[in-house]
Amino acid sequence: MTDPNLLSNQTSGTASDDAVTAVAEHVTTPPARPNGDDARSLGRDAWEELRRRPGFWISATLIAIMLVMAIVPNLFTFFSPQPDPAYAQLANARQPPSAQAWFGFDGQGYDIYSRTIHGARASILVGVLTTIGTIIIGGTIGLLAGFYGGWLDSVLSRTGEIFWSIPLLLGGVLFMTSFPSDLGTPYMIVVGKVVLVLTVLGWPRIARIMRSAVLQVKPLDYVQAARALGATPLQIIAKHVLPNAFAPVIVVATIDLGAYIATEATLSFLGIGLQPPTISWGIAISDASGLGLLRSAPHMLLFPSLFLSITVLAFIMLGDVVRDAFDPKAR
Amino acid sequence: MGTYILRRILQMIPVVIGTTFLIYWMVFSLGDPTVGRCGERPCPESYVARLHEEYNLDKSLPEQYVRYMGKVLQGDLGTSFNGNAVIDQLATRWPVTIRLAVIAIIFEAVIGIAAGLLAGLRRRSFWDTLVFVTTLVIISIPSFVLGSVAQMVFGVRLGWFPVTATQGTWQQLLLPGLVLGSLSMAYVARLTRNSLSENLSADYVRTARAKGMSAGRVVGVHTFRNSLIPVVTFIGADFGALMGGAIVTERIFNIPGIGGYIYHSINTKDATAVVGTITLLVLVFLVMNLIVDLLYGALDPRIAHD
């Protein structure tokens with residue numbers, strides 16, 4: 001695992017270079033506005049701000065690594081001593097990290113390194129699919145509620161409150177107990193169930209943000225002008241509403257993605273999320289967290305938790321940095 | 001204020017009905033209601049028949065729901081497969097969970113607000129960065145990892161705290177309470193910091209400073225108190241997350257509370273207990289939210305007068 005260090009060194013290098021050039025620009029540009037037509041948009045402003053922040057590059061790099069790990073785990077395990085996460089040798093059980101197994105062996109004699117790498121997929125899949133689901137459902141509902149207002153808004157907002165009133169973890173436990181999985185349930189079905197319950201409980205957050213963004217934009221002069229010029233609702237939404245709602249939705253969605261990953265791991269830890277033949281960080285941590293094992297083989301807990309925490313951290317950090325960049329008051 | 005209270009209570013009614021209906025529909029209509037209620041084996045005929053009768057499963061869905069809610073409101077949360085009434089189990093367990101929650105809330109309020117104050121008053125200082133980084137780390141470590149590690153380090157290695165809390169006394173619950181409150185503590189710290197630093201740059205604070213008011217008074221009278229409004233709301237509304245966290249914490253420390261009961265019932269595949277308990281918790285959560293909303297109106301006069 002030399003890649004992350006290497007990459008983050010590289011990026012922090014470019015980040016500071018950017019900072020230097022940005023300062024230089026700042027000194028020279030204000031009077032000169034080349035063609036007069038490009039007063040910078042909010043998005044462009046935010047991007048300039050983001051580029052200069054090391055936090056952005058660190059979190060983006062970590063997320064990129066985790067995504068690659070989820071898609072092609074073999075890329076990371078190819079050079080390791082035991083690339084196969086399903087190969088176990090009971091005689092090796094609980095041995096600490098060594099040249100034969102970089103992260104050591106777990107209670108069944110599996111290689112922890114390759115299981116940790118392969119475990120990324122479940123977490124990332126749940127996080128990404130849930131986020132896409134909440135953005136589609138929450139975004140559409142928030143848009144409709146804010147744009148059309150009236151009784152539709154009341155109905156949709158109250159409906160959102162109903163789903164919002166069930167705490168995420170309690171709802172997850174309830175759903176997964178009512179629709180239990182066993183050893184024979186296919187991987188995608190189990191992942192699908194977790195994604196479904198998290199989406200169903202999570203969409204109102206996005207809907208609220210979308211709705212308030214729409215309400216902010218709707219009374220503005222340029223929207224009224226567009227309407228007066230005969231723009232259809234669809235055009236107004238696409239040209240004026242969505243670009244304004246984009247930033248806050250992305251920020252909250254990114255931070256929530258981290259929370260969804262943590263919730264999935266918690267459900268797996270409680271034994272009702274993903275099930276054992278599946279490789280996942282939550283299951284690995286659950287297996288390793290008994291007091292006896294924690295005492296004799298702490299490495300079993302350390303590595304999967306480290307990966308899980310870093311992933312959650314990366315998403316929360318990215319959300320934080322993007323929010324600061326889009327918030328003019330924070331500058 | 002009176003109309004505000006009335007309006008909030010009226011708004012609450014459809015949400016309570018909707019939420020409980022959603023839960024009922026999901027458990028008893030969408031899925032197979034006998035699933036996961038009889039341990040590892042499929043349910044015997046007699047139990048299925050009893051369940052059908054108990055929950056009126058041959059009636060129409062609205063009627064089932066109304067009858068079910070009638071029972072819930074009378075305190076009947078169902079009888080689990082081993083013959084124990086869920087409500088009796090909860091009756092013996094709730095004091096433990098309340099104690100755990102009290103420790104967690106005191107911890108998150110006191111330490112969280114203190115840390116937020118420290119960071120918010122000295123923006124962009126060393127303390128601000130320290131609080132930012134610490135809270136980020138706490139937020140990203142899942143509570144079950146934190147709990148297991150704390151149990152190992154402080155319980156077993158250092159011996160500062162009891163390793164498990166099988167009696168559920170205050171002393172035993174101290175460490176689990178800190179673990180349970182840590183995530184919310186991080187959020188409280190961040191919230192206090194942001195709300196404080198936002199208020200400190202408000203016009204009325206500049207005016208107060210300009211007329212020569214002492215720094216302590218500016219912070220104490222004009223900023224700190226109204227900065228706490230969102231914090232109070234958060235702590236109250238956090239009850240749901242706290243109960244979710246209690247399932248994990250009580251599992252790790254083997255605590256005989258409500259969370260431990262839920263975990264135990266998940267493990268023995270006793271869905272009646274899980275469903276009954278969580279329905280009750282959601283109802284309590286809704287009431288807590290209502291109280292917080294009313295409190296919010298009292299703390300911030302702008303809310304009640306719109």
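Letters A, B, ... are given to chains in the order of the sequence lines, protein chains preceding strands, and every chain is numbered from 1. Values reported hereafter were calculated over all heavy atoms of this structure, with side chains retained and with hydrogens, waters and symmetry mates removed.
Of the atoms belonging to A/Leu270, heavy atoms from both backbone and side chain fall under 4.5 Å from chain B. Looking at A/Leu170, both its backbone and its side chain come within 4.5 Å of chain B, counting heavy atoms on both sides. Residue contact with chain A, scored on non-hydrogen atoms closer than 4.5 Å, involves the backbone and the side chain of B/Leu136 alike. Only the side chain of B/Ile262 comes within contact range of chain A, with at least one heavy atom under 4.5 Å from a heavy atom of that chain. Using a 4.5 Å cut-off between heavy atoms, B/Ile141 contacts chain A through both its backbone and its side chain. Of the atoms belonging to A/Phe175, heavy atoms from both backbone and side chain fall under 4.5 Å from chain B.
For chain B, the option among A/Thr266, A/Ile166, A/Thr311, A/Ile316 with the highest count of heavy-atom pairs below 4.5 Å is A/Thr266. Top candidate by heavy-atom pairs under 4.5 Å with chain A, chosen from B/Val16, B/Asn289, B/Ile266, is B/Ile266. With chain B as partner, the option from A/Leu174, A/Ile272, A/Val312 having the largest number of non-hydrogen pairs under 4.5 angstrom is A/Leu174. With chain A as partner, the option from B/Phe144, B/Phe285, B/Tyr263 having the largest number of non-hydrogen pairs under 4.5 angstrom is B/Phe144. Contacts with chain B were tallied for A/Thr159, A/Leu169, A/Leu313; A/Leu313 has the most, counting heavy-atom pairs under 4.5 Å.
Under the ring-ring contact (aromatic ring centres under 6.0 Å, His included) criterion, B/Phe239 pairs with no residue, sequence neighbours left out.
Atom OG of A/Ser154 is separated from atom CD of B/Gln11 by 9.5 Å, given to the nearest 0.5 angstrom. Expressed to the nearest 0.5 Å, how far CE of A/Met317 lies from CD1 of B/Ile139 amounts to 13.0 Å. One distance of note links CD1 of B/Ile17 with CD1 of A/Ile162; it measures 9.0 Å at 0.5 Å rounding.
More than 12 non-hydrogen atoms from other residues, nucleotides or ligands lie less than 6.0 angstrom from NE2 of A/His299. The local environment of CZ in A/Arg158 is crowded, with over 12 non-hydrogen atoms from other residues, nucleotides or ligands closer than 6.0 Å.
Between B/Phe132 and A/Asp320 the shortest side-chain heavy-atom distance falls below 4.5 Å. Annotation: side chain of B/Ile252 is in contact with side chain of A/Phe269 (closest heavy-atom distance under 4.5 Å). The side-chain heavy atoms of A/Ser309 and B/Pro142, taken from C-beta on, include a pair separated by under 4.5 Å.
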Problem - Step-by-step side-chain contact (heavy atoms from CB on, under 4.5 Å) determination, B/Arg251 to A/Ser286 - result: CA-CA 11 Å; B/Arg251 181 220 137 150; A/Ser286 178; 3.9 Å; yes

Problem - side-chain contact (heavy atoms from CB on, under 4.5 Å) assessment of B/Val149 paired with A/Leu301 - result: CA-CA 9 Å; B/Val149 172; A/Leu301 181 77; 3.7 Å; yes

